[in-house]
Chemist: 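Please see the structure below; I have some questions.
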Amino acid sequence: MLRCLRVLPARVTRNFSRCCSNYVARMRFINKLKEDEGACLTALESGNIFLYHTLAPLLRKTQQGVFQLPLLPFKDLEGILNRLGKDGSMVKDSVLITCTEQNRALFCLDVGELDQQAVEKECGGNFVDLRKAFFTLRGEEAPLVARGQALLRWHQGNGFCSASGKPTTRNQAGSQRVCHSNGLIYYPKMSPVIITLVSDGKRCLLARQASFPRGMFSALAGFCDMGETLEETLRREVAEEVGLEVVSVRYSGSQHWPFPQSSFMVACHATVSPGNTQVDVDHEELEEARWFTLEEIRAALKLRTPPRNPRDQPPTIWVPPSYAIAHKLIREWVDDQELHYDGE
Ligand SMILES: NC(=O)C1=CN([C@@H]2O[C@H](COP(=O)(O)OP(=O)(O)OC[C@H]3O[C@@H](n4cnc5c(N)ncnc54)[C@H](O)[C@@H]3O)[C@@H](O)[C@H]2O)C=CC1
Ligand SMILES: [Mg+2]
């Protein structure tokens, strides 16, 4: 939700405020901006832009020590670019992100061709790694910064048609690219991934990859193969990674996950029958997978930050932080277990 997004004082035209007075109108307006080049340019000229430098977002720290995503009005950014010796019209390369509830179109731009420190000085902020930005920004800004980077990354990697080899051209909103030599249209892509918390009724199954930070365990995850349903991916991934056969699936939620590239995470709870719980780990994929009791999971959830895990001692078990959908699955499982036990 964008309800709490900080935007600079609105300079909204009457038409624009009429269009965006409620959710349906706002969504239709965003859709229009994707199709109408002129309307998109007008919205950009009265909109706000946030910046990246080679895909690292610009953040600003307030006097209270809170990190924010600085939003620059079109004219201000044009002025900054001119002062840095760039043609201000580069602002028009901005990519549409959304329209805020305060009726402002929101765009982002990568200024990677400019001197990083000079931009930081002009804007009063610092370009930081996406992972750090995602972890430090307040809830409603983190998905925005991830979405912006994903779109900019997609444009940077799709400048040429994979069929003709000729350059592709983007529309004003940046919602598609076209190869004019053969008419092929390219749209931004996410890879669908299933993430599932497997339970045997009393315990849940968590796993870790060798690349995870020490002591961290998460739910099982895997990319969908071409032509698979989500249920088929889930059954296959659980079978492949831990050698178990799932008997039921329940949808929980979804999340865009920007690391390392755009994935569309679909989160589900799954169960195996209590008589079929012998784990057989695929060590090509996972370092370890095992069943955890409710008490163990409660203890892991209590750790707000990753624990210090000295090398010479067994690690304290911890789970992904609250912005990861794996955390939501684990918390829901605990709530379900507590409800179940209360009812017994
Ligand atoms: N948001 C969250 O809570 C969590 C997110 N994840 C994300 O889920 C994703 C998938 O999990 P994994 O266990 O790594 O998947 P996985 O079990 O499918 O194994 C990854 C392997 O699948 C292959 N693969 C097939 N299609 C691919 C594609 N479209 N893109 C990249 N590799 C592909 C590659 O060989 C890759 O090494 C990861 O990117 C990870 O960041 C994982 C756990 C928690
Ligand atoms: Mg996996």
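The basis for the numbers below is simple: all heavy atoms, side chains too, and nothing from hydrogens, waters or symmetry mates. Whatever order the structure lists them in is the order used to number ligands and atoms, beginning at 1. Along the sequence shown, residues carry numbers from 1.
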Chemist: Just jot down the ligand 1 atoms closer than 4.0 angstrom to any heavy atom of S191, in number order.
Modeler: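 The list of qualifying atoms is 29 (N).
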
Chemist: Could you pull out the atom name of the N/O/S atom in E241 that is nearest the Mg ion (ligand 2)?
Modeler: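 For E241, the N, O or S atom at the smallest distance from the Mg ion (ligand 2) is OE2.
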
Chemist: Salt-bridged, D200 to R203, with N to O below 4.0 Å?
Modeler: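 Result for this pair is yes, salt bridge flagged.
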
Chemist: Would the number of heavy atoms belonging to other residues, nucleotides or ligands and lying under 6.0 Å from CD of E287 be above 12?
Modeler: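 Enclosed: over 12 neighbouring heavy atoms sit under 6.0 Å from CD of E287.
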
Chemist: Is the distance between the ring centroids of F127 and Y52 under 6.0 Å?
Modeler: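 Centroid distance F127-Y52: not below 6.0 Å, so no.
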
Chemist: So does A221 have any N/O/S atom less than 2.8 Å away from the Mg ion (ligand 2)?
Modeler: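 Coordinating: yes.
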
Chemist: Return the closest protein heavy atom for atom 21 (C) of ligand 1 as residue, atom name and distance.
Modeler: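 Answer for atom 21 (C) of ligand 1: F223 CD1, 4.6 Å.
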
Chemist: Just to confirm my output: which protein heavy-atom neighbour is closest to atom 17 (O) of ligand 1, and how far is it?
Modeler: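 Closest protein heavy atom to atom 17 (O) of ligand 1: E241 OE2, 2.7 Å.
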
Chemist: Specify whether the nearest protein heavy atom to atom 35 (O) of ligand 1 is under 4.0 angstrom away.
Modeler: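 Given the 4.0 Å limit, the answer for atom 35 (O) of ligand 1 is no, no protein heavy atom qualifies.
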
Chemist: Run the numbers for me: atoms of ligand 1, each under 4.0 Å from some heavy atom of P260, listed by number.
Modeler: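 Reading through ligand 1 atom by atom, the close ones are 39 (O).
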
Chemist: Nearest protein heavy atom to atom 27 (C) of ligand 1: under 4.0 Å?
Modeler: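 Neighbour list for atom 27 (C) of ligand 1 includes protein heavy atoms (cut-off 4.0 Å).
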
Chemist: So is A219 in contact with ligand 1, going by heavy-atom distances below 4.0 Å?
Modeler: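 Per 4.0 Å heavy-atom rule, A219 does not contact ligand 1.
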
Chemist: By the definition side chain to side chain donor-acceptor pair (under 3.5 Å), identify the one residue from E245, E240, E228 that meets it with R235.
Modeler: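 Of the listed residues E245, E240, E228, the side chain to side chain donor-acceptor pair (under 3.5 Å) partner of R235 is E245.
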
Chemist: Under 4.0 Å from a heavy atom of S218: which atoms of ligand 1 are those, numbered in the order shown and with their elements?
Modeler: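 Listed by number with element: 44 (C).
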
Chemist: Between F212 and F217, does the ring centre distance come in under 6.0 Å?
Modeler: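 No, ring centres 6.0 Å or more apart.
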
Chemist: Are the side chains of V198 and V272 in touch, meaning some heavy atoms are under 4.5 Å apart?
Modeler: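 They are in contact (side-chain heavy atoms under 4.5 Å apart), so the answer is yes.
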
Chemist: Considering heavy atoms of the protein only, find what lies nearest to atom 42 (C) of ligand 1 and give residue, atom and distance to 0.1 Å.
Modeler: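 That would be A221 CB, 3.7 Å.
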
Chemist: Which of these, G222, S263, A324, has its nearest heavy atom closest to atom 16 (P) of ligand 1?
Modeler: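 Minimum heavy-atom distance to atom 16 (P) of ligand 1 goes to G222.
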
Chemist: Is the backbone of Y23 close enough, under 3.5 Å, to the side chain of E101 for a donor and an acceptor to pair up by distance?
Modeler: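 Checking the backbone N and O of Y23 against the side chain of E101, no donor-acceptor pair under 3.5 Å is found.
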
Chemist: Output the list of atoms in ligand 1 that are nearer than 4.0 Å to some heavy atom of F259, sorted by atom number.
Modeler: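 Ligand 1 atoms under the 4.0 Å threshold to F259: 39 (O), 41 (O).
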
Chemist: Which residue holds the protein heavy atom closest to atom 3 (O) of ligand 1, what is that atom called, and what is the gap in Å?
Modeler: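 For atom 3 (O) of ligand 1, the nearest protein heavy atom comes out as A326 N, 3.0 Å.
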
Chemist: So which protein heavy atom does atom 19 (O) of ligand 1 come closest to, and at what separation?
Modeler: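 Ranked first by proximity to atom 19 (O) of ligand 1 is E285 OE1, 3.4 Å.
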
Chemist: At less than 4.0 angstrom from any non-hydrogen atom of Q255, what atoms of ligand 1 do you find?
Modeler: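 Those atoms are 1 (N).
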
Chemist: Thinking salt bridges, do R298 and E296 make one under a 4.0 Å N-O criterion?
Modeler: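 Not counted as a salt bridge, because no side-chain N and carboxylate O are separated by less than 4.0 Å.
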
Chemist: Strictly below 4.0 Å, N to O, side chains only: are E45 and K75 in salt-bridge contact?
Modeler: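 Result for this pair is no, no salt bridge flagged.
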
Chemist: Which option out of L329, I195, V319 puts a heavy atom nearest to atom 44 (C) of ligand 1?
Modeler: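 Shortest heavy-atom distance from atom 44 (C) of ligand 1: I195.
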
Chemist: Below 30° counts as parallel, above 60° as perpendicular, anything between as tilted: where do the rings of W257 and Y323 land?
Modeler: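 If you compare the ring of W257 with that of Y323, the planes turn out parallel.
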
Chemist: Within a distance of under 4.0 Å, is there any protein heavy atom near atom 31 (C) of ligand 1?
Modeler: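 Given the 4.0 Å limit, the answer for atom 31 (C) of ligand 1 is yes, a protein heavy atom qualifies.
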
Chemist: Tell me which one of M265, Q209, K328, E237 gets a heavy atom nearest to atom 7 (C) of ligand 1.
Modeler: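 Among M265, Q209, K328, E237, the closest heavy atom to atom 7 (C) of ligand 1 belongs to M265.
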
Chemist: Is the shortest side-chain N to carboxylate O distance from D335 to K328 below 4.0 Å?
Modeler: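 Here D335 does not pair with K328 in a salt bridge, since their nearest N and O are not under 4.0 Å apart.
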
Chemist: Going by the rule ring pair (Phe, Tyr, Trp, His ring centres under 6.0 Å), which residues pair with F223 if we only count those two or more places apart in sequence or in a different chain?
Modeler: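 Ring pair (Phe, Tyr, Trp, His ring centres under 6.0 Å) list for F223, sorted by chain: empty.
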
